[in-house]
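As structure tokens, the structure follows; a few thoughts come after it.
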Protein chains: 2
Amino acid sequence: MTEAQARPQIETLKPPPVCGEHGEANQLVRDLLGRIGDKWSLMIIGNLAEGPLRFSAIQHAIGGISQRMLTLNLRQLERDGLITRTVYAEVPPRVEYEVTDLGRSLIVPALGLVNWAAANADQVKARRHAYDLEHGGPATP
Amino acid sequence: MTEAQARPQIETLKPPPVCGEHGEANQLVRDLLGRIGDKWSLMIIGNLAEGPLRFSAIQHAIGGISQRMLTLNLRQLERDGLITRTVYAEVPPRVEYEVTDLGRSLIVPALGLVNWAAANADQVKARRHAYDLEHGGPATP
DNA sequence: CAGCATCCTTATGGATACTG
DNA sequence: CAGTATCCATAAGGATGCTG
């Protein structure tokens, strides 16, 4: 990873979008980011990328989310029009969640972030550890 | 729609990454997502994409973040090795923040999400409003 | 200017028990 | 199975005042 060229591709591929607009429609964007940028929402959308899943499948796939949190997040995503909730009136109740077109458009950027996290997790972990060492330690009592 | 032709582009561009691994190294990824997927972190990284900025510049650019939150977030990003903090020992203290190589690699996926939010904000808003109408209303007392 | 410390309010999120 | 409801702990986050 030789560092010679500072940032060649950045400005060519993305012009400054809303990052610099202070507090106009930016408010709405921030709200959205706080919601979709949420830890669980990204994971849910990511898992739904491959096809519709039922409640328990999502919960198992993510592993670590409580039933309550999953319910709340799914409701939120449904409200925002990113996923649909289909209830099959069978005797063991079956509910399937699937991304909408709008939700599908979010999959690529969402997976982009998820994949980045997966790819750089240990590097960040190392950096974090180094930082903790040269400052007062991980937990300074 | 059956699963035969339901989602054409998704699986070709991203194989299921970590979304399905329940609770192994996934724990670390989830932790990272919760941090970088954070509302402010994404905005900060997005703003820093164009070049180094000083504290007040970031605060002004984002517009709506409190000083405390900005400080905490910047510290966190620094700890994770995503940005550097440079203090110039001048008489009006100047502190500049800049993305590291690691942080730069996050810019593209981060801006992807930020731009998605900006592009689809009003659509989500409409969807949300529609949902609120057909259910008990925005605030059901 | 940049940031730390303190107080205080609200939001987040887990555990548990109960229902259609 | 897929929730809903309740309780409770903790974390997030704003406001204010003080420092180098």
Side-chain angles (χ1 to χ4, degrees), chain A residues 22-23 27 30-44 47-48 52-79 83-98 131 135-136 139-141, chain B residues 22-23 27 30-44 47-48 52-80 83-98 135-136 139-141:
Chain A
H22 26 285
Q27 165 62 33
R30 260 185 284 123
D31 174 63
L32 241 192
L33 273 181
R35 189 141 295 140
I36 62 168
D38 164 81
K39 174 173 39 175
W40 301 124
S41 298
L42 283 177
M43 298 282 287
I44 294 173
N47 275 280
L48 255 35
L53 288 177
R54 37 200 301 184
F55 188 89
S56 53
I58 301 177
Q59 186 173 27
H60 182 250
I62 291 185
I65 188 173
S66 66
Q67 184 199 44
R68 185 183 127 95
M69 276 303 101
L70 183 53
T71 301
L72 289 178
N73 273 278
L74 287 172
R75 281 293 192 274
Q76 191 53 67
L77 291 173
E78 187 196 1
R79 189 172 97 108
I83 64 175
T84 56
R85 176 175 178 269
T86 310
V87 185
Y88 297 91
E90 304 168 355
V91 53
R94 182 166 56 104
V95 180
E96 284 196 345
Y97 294 90
E98 185 173 15
Y131 182 96
H135 295 69
T140 13
Chain B
H22 26 286
Q27 166 61 34
R30 259 185 285 122
D31 175 62
L32 240 193
L33 273 182
R35 190 140 295 140
I36 62 166
D38 164 80
K39 175 174 36 176
W40 301 124
S41 298
L42 283 177
M43 297 282 287
I44 294 172
N47 275 280
L48 255 35
L53 288 178
R54 37 200 302 184
F55 188 90
S56 53
I58 301 176
Q59 186 173 27
H60 182 249
I62 291 185
I65 188 173
S66 65
Q67 182 201 47
R68 184 183 128 94
M69 277 302 99
L70 183 54
T71 302
L72 290 177
N73 273 278
L74 287 173
R75 280 292 194 272
Q76 191 52 68
L77 290 173
E78 188 195 2
R79 189 173 97 109
D80 288 352
I83 63 174
T84 57
R85 176 175 178 271
T86 311
V87 184
Y88 297 91
E90 304 169 355
V91 55
R94 180 166 57 105
V95 180
E96 283 197 344
Y97 294 90
E98 185 173 14
H135 295 69
T140 13

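Model, not experiment: these values are computed from the prediction. Below, chain A is the first sequence line, B the second, and so on; all start at residue 1.
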Whole angstrom value for the distance that separates P of dC4(C) from CG of Leu74(B): 10 Å

Side-chain N,O (Arg54(A)) to OP1/OP2 (dA2(D)) below 4.0 Å: yes

Separation of dG13(C) C1' from Ile44(A) CD1 (nearest whole Å): 14 Å

Nearest heavy atoms of Tyr97(A) and Ile83(A), plus distance in Å: CD2-CD1, 3.8 Å

Most 5' of Pro93(A) and Leu72(A) on DNA chain C, judged by nearest nucleotide: Leu72(A)

Sub-4.5 Å side-chain heavy-atom contact between Leu48(B) and Leu77(B): no

Check: His135(A) side chain, Tyr131(A) main-chain N or O, donor-acceptor pair, under 3.5 Å: yes

Gap between atoms CD1 and P, on Ile65(B) and dG14(D) respectively (whole Å): 8 Å

Comparing Pro92(A) and Arg75(A) on DNA chain D - which has the more 5′ nearest nucleotide: Pro92(A)

Sugar-phosphate only, base, or nothing, as touched by Tyr88(B) at under 4.0 Å among non-hydrogen atoms: nothing

Value in whole Å for how far the P atom of dG3(D) lies from CG of Asn73(A): 13 Å

Nearest-angstrom distance from the residue atom CG of Asp31(B) to P of dT12(C): 18 Å

N/O (side chain, Arg85(B)) to phosphate O (OP1/OP2, dG3(C)) under 4.0 Å: yes

Heavy-atom donor-acceptor pair, Gln67(B) side-chain to dC4(C) base, under 3.5 Å: yes

Gap between atoms CD and C1', on Glu90(A) and dC1(D) respectively (whole Å): 11 Å

Arg68(A) CZ - dG14(C) C1' separation (whole Å): 8 Å

Value in whole Å for how far the C1' atom of dA11(C) lies from CE of Met69(A): 10 Å

Shortest non-hydrogen contact from Ser41(B) toward Ile36(B): CB-O, 3.9 Å

Side chain to side chain, Glu98(A) and Glu96(A), heavy atoms closer than 4.5 Å: no

